[in-house]
Amino acid sequence: MATALARQPVSLKLLSSGFLALWCLVAAFPILWIAVMSVKSPVDAFDDRFWNVVTGPATLANGSGVSVLGIALYLAACWGMVRLVARQMPSLIGQIPPRRRWIGWVLGAAVVTLGAALVLFVLLPTLLAVLNPLAGPLGRDVFGFTTEHYRTVWIERGFLRNFQNSMIVTCGVVLVSLTVGTLAGYGLARSGSTLAFWILIIALVFRALPHSVLVAGYLPVFINSAEILRPILGDAAPTLYGKPLAVIAVLVAINQPFTIWMLRSFFQNIPADLDEAARVDGCTHFQAFRRVIMPVMWPGVITTGLFSFLLGYNDFLVTSLLLDAQNQTMVPAIAGMFNRETTTTDQVVAVAAAVSITAPLFILVMVFQRQIVSGLTAGAVKG
Amino acid sequence: MKFTTFSAFVGPSVVMMLLFIAFPLISVFVQSFQVTQPLYEAVEVETCTPGFLTQTCVIETRNQPVLGEDGKIVTETRWVGLQSYANVLELGRAWDAVSAGSWRALMAIDFWKALRFTLSFTLLTLPAVIALGLALAVAINNAGKRLRGPVIFVSLLPFIITPVIGALSINWLFRGDGILTALMERASGQDISMFAQAWTIEVLMMLYRVWHVAPFAAIVFYAGLQTVSSDSLESALIDGASRWQRMKYIVIPHLMPLILFVGMIHLMDSYRVFEEVVGFSSQGHVISLQWLTYDFLQPDQAGNRSISRASASAMLTMVGIVILLIPPLKRSWRDHRKAH
């Protein structure tokens with residue numbers, strides 16, 4: 001009978017897969033397109049003919065391009081590195097005792113990033129400079145390709161500092177909101193009281209608030225905080241406006257409603273018998289949480305952490321209003337680049353910055369696809 | 001769980017929410033009735049310029065900010081009642097426009113323009129997101145098992161991308177003679193400019209939002225499709241129900257709670273539409289309620305921020321959120337009462 005349900009006319013199958021193919025094209029095209037634009041000279045990037053943007057004749061004419069041999073080498077190198085990492089890393093890290101394993105992951109990620117940068121930006125270009133003249137027609141440049149816009153963004157425009165600021169804010173938000181949220185989510189999941197219900201409802205209302213409403217409340221206080229806090233803290237009273245720490249606190253609070261709803265639903269899926277058994281054996285609530293719940297809660301915490309990361313990383317409104325130019329994060333910085341009266345060169349530089357912001361997210365989806373999907377389907381909430 | 005343990009677990013989170021959400025809300029509410037301005041005083045100043053025989057002196061009164069003992073400008077906070085609300089709503093002008101029956105005049109007032117766009121944006125994208133999400137979920141469910149992973153990966157990209165960057169990437173496809181504008185021009189034989197009038201920008205903003213949110217809807221619905229009972233589908237098949245009837249009478253009712261959930265989340269999020277205005281640089285033509293508050297909060301050329309007007313427009317935005325939230329809150333209260 002199941003086969004009868006699965007049986008479909010050919011036309012329906014064609015329609016369904018055609019629709020899916022069209023959607024994949026629509027979903028990926030704008031993102032792929034900015035990646036293509038970012039490696040072309042301004043004339044090519046804003047050409048109105050599709051093919052000119054892809055091949056980049058003006059970029060080629062400027063003497064920067066990549067040959068068929070080059071493309072093949074780069075692809076082979078990427079493929080090889082991915083294979084190597086996927087095969088070797090888990091077993092290498094598996095040798096480290098479980099308690100320190102996270103250090104292994106952090107170190108491993110750093111080594112991989114460095115190694116990839118070394119191979120792609122140093123080793124391969126020198127190798128190609130030697131090989132291209134030897135390879136005849138295969139070694140001739142066919143596609144325009146230049147990394148100068150990335151160099152402009154990261155080195156001349158000081159995007160590196162924006163990147164560091166983004167990382168500080170994002171990591172701070174993830175760490176603090178997970179610590180605070182895990183405790184609260186556990187407490188709320190194990191308590192059926194009316195107070196717990198009201199906390200959750202108020203959190204739901206808070207989740208719906210437009211962020212600009214809250215920022216309107218912070219701004220005057222943050223700008224004058226030195227004077228407001230002076231009676232309490234004396235001369236050490238800080239001006240909170242422009243400080244990354246203040247923004248972290250704000251984003252953690254904005255993220256709290258979502259975090260506690262999501263973690264609560266994960267904790268509810270962990271059977272309460274587990275901690276009750278621990279309590280019978282003489283543990284307090286905190287000991288039960290630490291010894292019994294913490295070892296099994298990681299999938300939920302990782303998923304929630306991913307969404308907290310996205311909130312901190314993608315935020316524009318709060319960071320652009322509460323941080324000064326010195327501590328600016330990446331997303332407001334690029335909006336500033338774009339809003340100035342600009343030449344086409346500036347526009348392509350902004351495109352390169354946009355691709356630089358998107359690349360970490362791309363890797364994030366690649367590594368954590370399953371966790372993101374499980375977070376979306378966890379039921380109650382979304383970031 | 002005892003109350004002390006419960007409060008130890010929940011305490012830090014509640015304190016953070018009180019300090020950074022509830023307290024700012026109250027302070028915005030208070031600010032919206034106040035105006036803080038530098039205190040001015042009239043000073044008689046005598047300025048003399050050297051001249052022949054006698055110098056020429058002019059005495060004039062000038063308004064200048066009062067300086068305090070520490071050399072800073074003294075500011076004064078006054079209660080102005082509903083003045084800031086009146087400044088934002090411009091009821092007089094709005095009433096004139098309504099009584100003259102002139103839609104164009106009403107839309108010249110920032111608040112009403114923003115409200116019109118926010119509401120139409122919210123209501124028009126809602127059915128599009130649900131329909132596209134359902135269609136995608138059914139199509140993914142129909143695809144071979146091997147294909148599902150890669151398709152979901154590609155679908156997640158628009159959902160996960162930074163909203164400002166996503167809007168920009170669509171913007172670059174259409175800006176000036178971007179390739180898609182050029183394509184449409186070649187197809188229609190006309191000169192098309194997508195950023196010269198408001199309605200085309202609005203269409204692009206809505207397309208962007210549907211592109212951005214449909215993957216979320218699709219994945220939630222796809223998860224829901226996995227739990228449709230095959231028994232009831234089989235019995236429907238035996239009873240001779242067509243494919244469309246099985247969809248309409250079994251699958252859709254099964255997914256209904258999820259459709260309501262996605263719709264609710266989408267209403268909340270699209271009512272806060274903001275990043276699109278930044279990404280499409282549309283503030284000349286189209287603005288949203290949240291952007292209005294943001295704009296009041298930005299320092300103007302003299303470095304002043306109109307906090308009180310921002311607070312008033314923020315409180316007015318809140319009214320809409322409260323109206324949106326009443327039905328789901330009522331329902332969860334009923335569920336809670338039933339459960340205990």
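Reminder, nothing fancy here: chain letters follow the sequence lines and each chain counts from 1. All heavy atoms count here, side chains included; hydrogens, waters and symmetry mates do not.
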Next on the checklist: Could you go through Leu361(A) and Leu157(B), starting from their C-alpha distance and side-chain angles, then the distance that decides it, and tell me whether this counts as side-chain contact (heavy atoms from CB on, under 4.5 Å)?
Outcome noted: CA-CA 8 Å; Leu361(A) 293 177; Leu157(B) 292 177; over 6 Å; no
Checklist entry - What's the verdict on side-chain contact (heavy atoms from CB on, under 4.5 Å) for Ile199(A) and Phe6(B), showing C-alpha distance, side-chain angles and the deciding distance? => result CA-CA 12 Å; Ile199(A) 291 177; Phe6(B) 176 70; 4.3 Å; yes
Item to check | From CA spacing to verdict: side-chain contact (heavy atoms from CB on, under 4.5 Å), Phe274(B), His211(A) | outcome: CA-CA 10 Å; Phe274(B) 169 74; His211(A) 300 169; over 6 Å; no
Checklist entry - Could you go step by step and tell me if Thr358(A) and Thr162(B) meet the side-chain contact (heavy atoms from CB on, under 4.5 Å) rule? => result CA-CA 7 Å; Thr358(A) 313; Thr162(B) 311; 5.8 Å; no
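Two residues are said to be in side-chain contact when any heavy atoms from C-beta on lie closer than 4.5 Å; Ile254(A) and Phe20(B) fail this criterion. Proximity of Val138(B) to Ser16(A): side-chain heavy atoms (C-beta onward) are nowhere separated by under 4.5 Å. The shortest side-chain heavy-atom distance between Leu20(A) and Leu147(B) does not fall under the 4.5 Å cut-off. Ile31(A) places none of its side-chain heavy atoms less than 4.5 Å from the side chain of Ile165(B). Side-chain contact between Gln298(B) and Leu321(A) is present, with at least one heavy-atom pair separated by less than 4.5 Å. A 4.5 Å side-chain heavy-atom check between Gln290(B) and Val213(A) finds every atom pair outside the cut-off. Side-chain contact between Pro210(A) and Leu289(B): absent, with no pair of heavy atoms (C-beta onward) separated by less than 4.5 Å. With contacts defined as side-chain heavy-atom distances shorter than 4.5 Å, the pair Lys13(A)/Asn142(B) does not qualify.
In this structure, the portions of Val215(A) lying under 4.5 Å from any heavy atom of chain B include both its backbone and its side chain. Contacts of Leu188(A) with chain B are made by both backbone and side-chain atoms, with heavy-atom separations under 4.5 Å. Only the side chain of Ser320(A) comes within less than 4.5 Å of a heavy atom of chain B; its backbone N, CA, C and O stay farther away. In this structure, the portions of Leu209(A) lying under 4.5 Å from any heavy atom of chain B include both its backbone and its side chain. With a 4.5 angstrom heavy-atom cutoff, Leu173(B) touches chain A only via side-chain atoms. Contacts between Ile34(A) and chain B at a heavy-atom distance below 4.5 Å involve the side chain alone, from C-beta outward. Residue Ala249(A) touches chain B through both its backbone and its side chain, counting heavy-atom pairs closer than 4.5 Å. Interface residue Leu12(A): only side-chain heavy atoms are found under 4.5 Å from chain B. Contact of Val365(A) with chain B is made through backbone and side chain together, with heavy-atom distances under 4.5 Å. Both the backbone and the side chain of Leu214(A) have a heavy atom closer than 4.5 Å to some heavy atom of chain B. The parts of Leu136(B) that come within reach of chain A are both its backbone and its side chain, each placing non-hydrogen atoms under 4.5 angstrom from that chain. Both the backbone and the side chain of Ala196(A) come within contact range of chain B, each with at least one heavy atom under 4.5 Å from a heavy atom of that chain.
In terms of non-hydrogen atom pairs under 4.5 Å with chain A, the most contact-rich of Met264(B), His212(B), Met17(B), Arg186(B) is Met17(B). Between chain B and the residues Ala28(A), Ser17(A), Cys24(A), the most heavy-atom pairs under 4.5 angstrom are made by Cys24(A). Of the listed residues (Ala223(B), Ser13(B), Gly11(B)), the one with the most heavy-atom contacts under 4.5 Å to chain A is Ser13(B). Across Ala310(B), Ser155(B), Ala8(B), the residue that shares the most heavy-atom pairs under 4.5 angstrom with chain A is Ser155(B). Residue with the most contacts toward chain A among Ala214(B), Pro215(B), Gly149(B), Pro24(B): Pro24(B) (heavy-atom pairs, distance under 4.5 Å). Per-residue heavy-atom pair counts under 4.5 Å with chain B were compared for Leu200(A), Leu219(A), Leu310(A), and the maximum is reached by Leu219(A). With chain B as the partner, the residue from Asn314(A), Leu195(A), Val351(A), Leu364(A) showing the most heavy-atom pairs under 4.5 Å is Asn314(A). The greatest number of non-hydrogen atom pairs below 4.5 Å with chain A, out of Ile160(B), Val220(B), Leu267(B), is found for Ile160(B). Most heavy-atom pairs under 4.5 Å with chain A, from the set Ile26(B), Leu180(B), Ile170(B), Ile152(B): that is Ile152(B).
Closest of all the heavy-atom pairs between Phe307(A) and Phe159(B) is CE2-CE2, 4.3 Å. Of all heavy-atom pairs spanning Val180(A) and Pro12(B), the tightest one is CG1-C, 3.8 Å. Of all heavy-atom pairs spanning Met268(B) and Ala208(A), the tightest one is SD-CB, 3.5 Å. Heavy atoms only, all atoms of each residue included: Leu297(B) and Ser212(A) are closest at CD1-O, 4.1 Å.
Annotation: the span from Trp33(A) atom CH2 to Ile179(B) atom CD1 amounts to 4.0 Å, rounded to 0.5 Å. Taking CD1 of Ile21(B) as the reference point, atom CZ of Arg207(A) lies at 11.5 Å (rounded to 0.5 Å). Put simply, CZ on Phe9(B) and OG1 on Thr182(A) are 11.0 Å apart, with the number rounded to the nearest 0.5 Å.
For Phe153(B) and Phe362(A), the distance between ring centers is under 6.0 angstrom.
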